[in-house]
Amino acid sequence: MKSEFLIAVTQLAAERNLPQDMVVEAVEAALASAYRKDSASGGQSNVRVHLDVGSGEIDVFQLKTVVEEITNDLAEMTLEEAKAARPKETHEIGDILEFEMEPQVAGRIAAQTAKQVVIQRLREAERELVFNEFSEREGEVFTATVQRGESRYGGVVTLDLNGRATAILPPSEQAQTERYRLGMKMKVMILEVLRTPRGPEIIATRTHADLLRRLFEMEVPEIYNGIVEIRGISREAGSRAKVAVFAKQEGVDPVGACVGLRGIRIQNIVNELQGEKIDVIQWSKDDAVFISH
């Protein structure tokens, strides 16, 4: 039975992609709620449960707070009672003492409560992990799949980010010339991650100039390695863009590096942006020369 319980916890952690200790904490909280609900446990109002991951042993403790005057017999005790119960220890008002209880099989109502607590705790843990992961990755590019969208421009598009999280593409971050169909894959940049009562809200963009910058970094090794530098980007998303580049290494053609052999590199970026016209120009510190380019 113990091994089956531990297998279930391990399997649950793997399915939810959560650390095992988070799942164990959720199970402990659920079992504590079950014992508090279950009349068989004496209706204890303050209970702590410890699950030993190694052996599968479950220890249940009743918690009592040392007070001057008792208002709840199940959760409080006087200083004299604490000294009598633990004569070898020093006690003060406000101390919390733990007394081990005999684990019992929870009833139907208690089991339902435990299930609800586990689901809620795991959902909260998942949300926190998603927020922590993606809040540190703002500005990064992901390959997203359209989960829900409208054929015409103007509606919020819901995206799946590699099965780890869901993002939204608001109308303000959509290119007016693009159409997003169910199941369509495209690259988006994480613009912002917000905390909301319903969990983390990941906002993606297809219009930001930095998305174009990241696509060049992914497609052009010279830019990624720092040999060629993007000095400026001007973009009308979905229509046209100009990218000014500069070679930091003598003898390197920055425009040719971005365009690639037979234009394959720039064409890959154009295809990703659904036909947006991109001009790559050589940057110059001389404004007259730069403008002429």
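When reading the values below, keep in mind they use all heavy atoms of this one structure, side chains included, and skip hydrogens, waters and symmetry mates.
- Using modelled atom types, no side-chain atom of His208 and backbone atom of Glu173 make a donor-acceptor pair closer than 3.5 Å.
- Residues Ile269 and Leu215 come closest through the heavy atom pair CD1-O, 4.0 Å.
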(request) Take Leu97 and Arg86 through the side chain to side chain contact (heavy atoms under 4.5 Å, CB included) test and state the conclusion after the steps. (result) CA-CA 9 Å; Leu97 275 62; Arg86 305 276 174 81; 3.9 Å; yes
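- Taking CG of Asn225 as the start and CD of Gln249 as the end, the distance is 10.0 Å to the nearest 0.5 Å.
- Side-chain contact check for Thr158 versus Thr166: some heavy-atom pair is nearer than 4.5 Å.
- No single ILVMFWY cluster, assembled from side-chain heavy atoms under 4.5 Å apart, contains both Tyr224 and Val228.
- A donor atom on one side chain and an acceptor atom on the other are not found under 3.5 Å apart for Ser239 and Glu276.
- Here the side chains of Val270 and Lys277 are not in contact, with every heavy-atom distance at 4.5 Å or above.
- In terms of heavy atoms, Thr207 sits closest to Ser172 at OG1-O, 3.9 Å.
- At a threshold of 4.5 Å between non-hydrogen side-chain atoms, the residues Arg195 and Arg127 do not count as touching.
- In this structure, the side chains of Val193 and Glu201 stay at 4.5 Å or more apart for every pair of heavy atoms.
- No side-chain heavy atom of Leu194 sits less than 4.5 Å from a side-chain heavy atom of Pro200.
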(message) Between Glu222 and Lys248, is the salt bridge (charged side-chain N to carboxylate O under 4.0 Å, His left out) condition met? List the steps.
(response) CA-CA 10 Å; Glu222 289 84 351; Lys248 300 172 72 174; over 6 Å; no
(message) Under the criterion side chain to side chain contact (heavy atoms under 4.5 Å, CB included), I'd like the reasoning laid out for Ile230 against Ile223: C-alpha separation, chi angles, the key distance, then a yes or no.
(response) CA-CA 7 Å; Ile230 296 177; Ile223 293 179; 4.0 Å; yes
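- Panel note: side chain Thr177, backbone Gly238; a donor-acceptor pair is recorded below 3.5 Å.
- Here the side chain of Arg240 pairs no donor or acceptor atom with the backbone of Arg235 at under 3.5 angstrom.
- Val243 and Val252 fall within a single hydrophobic cluster, where Ile, Leu, Val, Met, Phe, Trp and Tyr side chains are chained together by heavy-atom contacts under 4.5 Å.
- In the hydrophobic cluster analysis, where Ile, Leu, Val, Met, Phe, Trp and Tyr join through side-chain heavy atoms closer than 4.5 angstrom, Val67 is grouped apart from Met77.
- The 12-atom threshold is exceeded at CD of Glu89, counting heavy atoms of other residues, nucleotides or ligands nearer than 6.0 Å.
- Across all their heavy atoms, Gln147 and Leu182 have their closest contact at O-CD1, 2.6 Å.
- Here the CD1-CG distance, from Ile278 to Leu212, works out to 5.0 Å after rounding to the nearest 0.5 Å.
- Separating the CE atom in Met189 from the CD atom in Glu140 is a distance of 10.5 Å, to the nearest 0.5 Å.
- One finds the CG atom of Leu211 at 6.0 Å from the CG atom of Leu273 (value rounded to the nearest 0.5 Å).
- For the atom pair Thr78 OG1 and Ile70 CD1, the distance stands at 5.0 Å (nearest 0.5 Å).
- Inspection of the Asn132 and Glu136 side chains reveals no N or O donor paired with an N or O acceptor under 3.5 Å.
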(request) Check the pair Glu178 / Tyr180 against side-chain hydrogen bond (donor to acceptor under 3.5 Å, both in side chains), numbers first and verdict last. (result) CA-CA 7 Å; Glu178 293 184 340; Tyr180 309 109; 2.5 Å; yes
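- In this pair, Phe134 and Phe142 present their aromatic rings tilted. The plane angle is within the 30 to 60° band.
- The closest side-chain heavy-atom distance from Val47 to Phe61 is not below 4.5 Å.
- No salt bridge links Arg213 with Glu217; every basic N to acidic carboxylate O contact stays at or beyond 4.0 Å.
- Residues Val156 and Leu169 have side chains not in contact (no heavy-atom distance under 4.5 Å, counting atoms from C-beta outward).
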(request) Report the C-alpha distance between Ile168 and Ile202 in whole Å, list the side-chain angles of each, state the deciding distance to 0.1 Å, and finish with yes or no for side chain to side chain contact (heavy atoms under 4.5 Å, CB included). (result) CA-CA 6 Å; Ile168 63 168; Ile202 304 171; over 6 Å; no
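- Between the side chains of Lys242 and Ser234, no donor-acceptor pair of N or O atoms lies under 3.5 Å.
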(request) Determine, step by step, whether Thr65 and Ile93 satisfy the side chain to side chain contact (heavy atoms under 4.5 Å, CB included) criterion, reporting the C-alpha distance in whole Å, the side-chain angles of both residues, the deciding distance to 0.1 Å, and the verdict. (result) CA-CA 8 Å; Thr65 304; Ile93 300 297; over 6 Å; no
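- The backbone N or O of Arg206 sits nowhere less than 3.5 Å from a side-chain atom of Gln174 that would complete a donor-acceptor pair.
- Asp95 contributes no side-chain N or O that, together with a main-chain N or O of His91, makes up a donor-acceptor pair within less than 3.5 Å.
- With contacts defined as side-chain heavy-atom distances shorter than 4.5 Å, the pair Val280/Val245 qualifies.
- A salt bridge does not link Glu81 to Lys83: none of the charged side-chain nitrogens sits closer than 4.0 Å to a carboxylate oxygen.
- Side chain of Asp253 to backbone of Gly256: a donor-acceptor contact under 3.5 angstrom is found.
- Contact between Pro170 and Ala204 at its shortest, heavy atoms only, is CD-O, 3.8 Å.
- For the atom pair Leu63 CG and Phe99 CZ, the distance stands at 9.5 Å (nearest 0.5 Å).
- Between Cys258 and Val220, the shortest heavy-atom distance links the atoms CA-CG2, 3.9 Å.
- Minimum interatomic distance between Glu219 and Asn268 (heavy atoms only, all atoms of both residues): OE2-ND2, 2.8 Å.
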